[in-house]
Amino acid sequence: MIEWNEVLVQRLDAPLRTWFVEQSLWSDRMVEPSWQETRKEFEGELTLVLFGPAKGAGVKPELLAAMLEPFWPTLTLENGSPLIRSVRLVGGFLNLGLSYEYWRQRWSLGYDLTHVSIHGNLNHEATRERSKIVLEYSSPNTNKPLHLGHVRNNLLGDSMYRILRSLGHEVMRVQVVNDRGIHICKSMLAWQKFGNGAEPNTSNVKGDHFVGHFYVLYEKTFQAQVEEAVAAGLTREEAEASAPILQEARTMLQQWEHSDESVVNLWKKMNAWVYEGFDITYERLGIGFDRNYYESQTYLLGKNLVEQGLVQGVFRKDEKGAVWVDLQDRGLDSKILLRSDGTSLYITQDLGTADQRQKDWPFDQMIYTVADEQNYHFKVLFATLEKLGFAWASRCYHLSYGMVDLPSGRMKSREGKVVDADDLMDEVQVLAEAKMGESEKLQSMGMDERKELALQIGLAALKFFILKVDPGKRMTFNPEDSIDMQGHTGPFVQYAHARIASMLDRVEGQEKVFQVKDESEPWTLDPNRSWLSAELDLIRQFSQFIPAVNLAAENHNPAHVADFAYSLATAFNRFYHDCPVLQESNAETRYFRIGLCKQTRFLLRDSLDLLGIKAPERM
RNA sequence: GGUCCCGUAGCUCAAUGGAUAGAGCAACUGCCUUCUAAGCAGUAGGUUACUGGUUCGACCCCAGUCGGGAUCACCA
C-alpha cells in the first residue's frame, strides 16, 4: 500500500504518534496505530483502528476518539486547507473522510504517473531498487502440443513479466525446452513405424499436433503390447518393462546420445515441426521469450558442478559410483545427482542451467514458473545450489501454481483428457464472435477486423478467468461455462474501456465545443462543490493502481491487478450510469468528468496490458 | 507411512489478525426515445469441513480430527 503509506506517514501517522507522546499516552504497551481503507458502506475513505492504541493507552476506544477530536483539524495540506473532511466513530473504528482538495491533488499525481506509458514508469519511488530478473516459464516438452496447464503457466509468466517490467525491473524471459529424452524418442519411433513419410505440410496438420499424434500412437501400441503380454501370463510390471516398443525407444535414445546421424536428423526434423507449431500458438496467445535454453544442450552442463561439489566435499559418491547430496540438515532427504553410469538426471541439468544463466546474465533474482507438483524438486535444487556455495541460490524463487482441473477431475494426457491450447483459443474466439453478432454497432466491421476483435475479446475472457485466481491454488476449468463474457470477466473490463473510448472520440470530434483541459493545469473546479459518490469512488480507485501492481509483484500474483481492473471498471460503470458527462451542462463539471473518463481509460488500458489483455476501442 | 498444500453461497472465485465474510455465474424483480444494456439497481442464497486454544478481535495464527490433492525414482 505504497500510496496510502505516503499519506499516512507524512500526513497522519507521524503527527498522530507525536500527539500520543504529547498526551503522555505512549508507553511500552502502546500498540502501533493501524490504518485501513474505509469500507464502502461507511462515510470516509481512511480508517484508524482504535482498539490497539486504546488498549495501550488504557482507555476505551470511545474515550480515545473523543480525546482525538481537537487533533484532526490541525492536519492540513501544503496550501493550508484542511486534510480531514469528516470524522465518524463506528465501534472501535474511526472513519476519516479526506478533503476533496486532497483527492483532487491525489488524482493529478496519479495522472502524471500513468498517462504516457506504464512500461518501466511505475517505479517512481527513489528508494525502490530496480533488479535484473530472470523469469522462466512455459518450458514445454517437444512431443505434444500445449494444453491448458501450459496456458496457465504461460499467462502467469507473461503477466509477471509485464508487472515486473512496469516497475522498472530488467526482466529476461527464458524457458528451457525439454527437447530430448525418452518421451521425444517415443514420438520419433512411432513416426518411423507408422508415419509412411507423412509430414505436417503434406497432411495439413499443425506441426506440434502432428508430432503429438504419433506420441499418442506410441502409447496405444505400448498399451496393446502390455495387454498382450499380460494375457500371456506376465505381471503388468514385467509386461511394461519388457514391451518391445519400449525397448526400441530406449535403443533410439542410446543412438541419440551417441549422435547417430539418422536418429539425430530425424530428431532435428521432428523438433522443427513442433517449434513451428509452438510459434503459432505463442504468437496467438501473445507470449514471447528473450532467450531459449535447450535441454539437449544443457543436460551435460551440470556434471562439472557435480564434480566441483565432490571436490568441495559437499557431495559424496557411493560404492556404485552414483553421486548424492545429503540435505538432511535442511529437513530434506538425500538426493541423487548423477547416475552410477555417469549420466545426468533432470536435477543435474537444472543445476547446470541455473549456473549457465547466472554466467550468461548475472541476475539479482531468478523466478521459476513451474507447477506445484515440483515444489519438493525446487527445494532440493535451491538447497543444492547453496551447498555449492552460490550466493545467488538464495535469490532463486519457485513461482508455484496449482494444477488446472476439469470438472471430471485432473487432466490426463495419456487418456486424451486434455484441453488443447489451440482448440481453446478457437473456441473463445468463436464464442466472442457470436456475442458480437448480437450487436448492431459492429455490423459494419470488415471480416478480418471482426476476427481480430473476436480474438481479443475471447482471449480477454480466457486470460482474465485464469489470472484472477491466486496462482497458489488449484483451479477448476469448466469449458462449458468458464469463458463468460459478463460479470467478473475480461470482456467486462474491456467493455468499460470501449465505452470511454467511444465517448472520448466524440470529444475529439467536437473540440470547439468540448475543450479538454490540459491535464497539467490545476483544476478550477469549485472547491466547495460536493462530489457525487460515484465520482469520489472513481478517484479512490485511481489511487489503488500502483499499490495493486506492487502487491502483485511482491506476491507474484497478477490476481491483484485483475482485481484492480475489475473494481475500476465497476466504479466507472456506476459513474457512467449516475453522471452525465458529455451531456452535462455545467462546463466545469463537464471538464472534470471528461478528465475522470480519460484517467479511467488509461488505467483500464494499463492494467489490462499488465495481464496481457488488449483494450479494444469499440466492442 | 513422512513432508507439504488445500477445504468459504448450488457453481467458480475474493477477503495485509479488524467492522454486518464479499463478487460473478445460475435463480428471481426492476431499468434502453437519454454519452455502447457485454451495463445499472435490487431480492434470495453462509455454523468459513469439525473440535479446542491464543487474542480486545480469528476464514486468517496454534493443536488435534475428518475429507481432498501433491510429493517422497539411478523418471521428467
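Chain A is the first sequence line, chain B the second, and so forth, proteins listed ahead of strands; every chain is numbered from 1.
A salt bridge does not link A:Glu248 to A:Lys186: none of the charged side-chain nitrogens sits closer than 4.0 Å to a carboxylate oxygen. In this structure, A:Glu45 does not pair ionically with A:Arg88, as no charged nitrogen and carboxylate oxygen lie closer than 4.0 Å.
Between A:Asn555 atom CG and B:A14 atom P there is a gap of 13 Å when expressed in whole angstrom units. Between the NZ atom of A:Lys473 and the C1' atom of B:U8 there is a distance of 9 Å, given to the nearest Å. In this structure, A:Asp563 places its CG atom 10 Å from C1' of B:C13, rounding to the nearest Å. Protein atom CD of A:Gln456 is 15 Å distant from nucleotide atom C1' of B:A38, rounded to whole Å.
Using a 30° and 60° split on the angle between ring planes, A:Tyr215 and A:Tyr218 fall in the parallel class, below 30°. Below 30°, between 30° and 60°, or above 60°: for A:Phe51 and A:Phe93 the angle between ring planes is above 60°, a perpendicular geometry.
Tested against A:Glu295, the residues A:Asn141, A:Thr142, A:Asn178 include a single side chain to side chain donor-acceptor pair (under 3.5 Å) partner, A:Asn178.
Taking the C1' atoms as reference points, B:C4 lies 23 Å from B:C13, given to the whole Å. Spacing between B:C28 and B:G45 at atom C1', rounded to whole Å, works out to 12 Å. Atom name C1', nucleotides B:A58 and B:G18: the rounded distance is 10 Å, in whole Å. The P atoms of B:G24 and B:U65 are separated by 40 Å, rounded to the nearest whole Å. Nucleotides B:G22 and B:A9 are separated by 14 Å at their P atoms, to the nearest Å. The C1' atoms of B:C40 and B:U12 are separated by 23 Å, rounded to the nearest whole Å.
Sequence order on RNA chain B of the closest nucleotides to A:Phe492 and A:Asp318 puts A:Phe492 first from the 5' end. When each of A:Thr47 and A:Ile182 is assigned the nucleotide of RNA chain B bearing its nearest heavy atom, the one mapping closer to the 5' terminus is A:Thr47.
A stacked arrangement is not assigned to A:Tyr376 and the six-membered base ring of B:A70, the conditions of a centre distance below 5.5 Å and an interplanar angle below 30° not being jointly met. An aromatic stacking contact between A:Tyr495 and the base of B:A38 is absent, as defined here by ring centres under 5.5 Å apart and ring planes under 30° from parallel. Put simply, A:Phe51 rests on the base of B:G18: the two rings are less than 5.5 Å apart at their centres and nearly parallel, under 30°.
Residues A:Tyr397 and A:His556 place their aromatic rings such that the two centres sit under 6.0 Å apart. Ring pair A:His377/A:Tyr346: centre-to-centre distance below 6.0 Å.
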Original post:
Would A:Gln349 and A:Thr353 count as a side chain to side chain donor-acceptor pair (under 3.5 Å) if you check the C-alpha gap in whole Å, the side-chain angles of each, and the deciding distance to 0.1 Å?
Top reply: CA-CA 6 Å; A:Gln349 176 266 128; A:Thr353 306; 2.8 Å; yes

**OP:** Check the pair A:Arg593 / A:Glu588 against salt bridge (Lys or Arg N to Asp or Glu O under 4.0 Å), numbers first and verdict last.
**Re:** CA-CA 9 Å; A:Arg593 289 180 179 164; A:Glu588 287 299 333; over 6 Å; no

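At least one side-chain nitrogen or oxygen of A:Asn573 sits closer than 4.0 Å to the OP1 or OP2 atom of B:C40. Within the 4.0 Å cut-off from OP1 or OP2 of B:U36, at least one side-chain nitrogen or oxygen of A:Arg506 is found. When the side-chain nitrogen and oxygen atoms of A:Arg474 are compared with OP1 and OP2 of B:C13, none of them lie within a distance under 4.0 Å. Remark: A:Arg410 is in phosphate contact with B:A70, judged by side-chain N or O atoms under 4.0 Å from OP1 or OP2. Under 4.0 angstrom from either OP1 or OP2 of B:U36 there lies at least one side-chain N or O belonging to A:Ser502.
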Can you pull every protein N or O that's under 3.5 Å from an N or O on nucleotides 22-31 of chain B?
from  : atom 1 : to       : atom 2 : distance (Å)
B:A23 : O2'    : A:Tyr566 : OH     : 3.1
B:G24 : O2'    : A:His488 : N      : 3.3

Original post:
According to the Watson-Crick and G-U wobble definition with distances under 3.5 Å, which dot-bracket string, read 5' to 3', encodes RNA chain B, using [ ] for crossing pairs and | for pairs with another strand?
Top reply: (((((((..((((....[...)))).(((((.......))))).....(((((..]....))))))))))))....

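Residues A:Gln429 and A:Lys451 share a closest heavy-atom pair of NE2-O, 2.9 Å.
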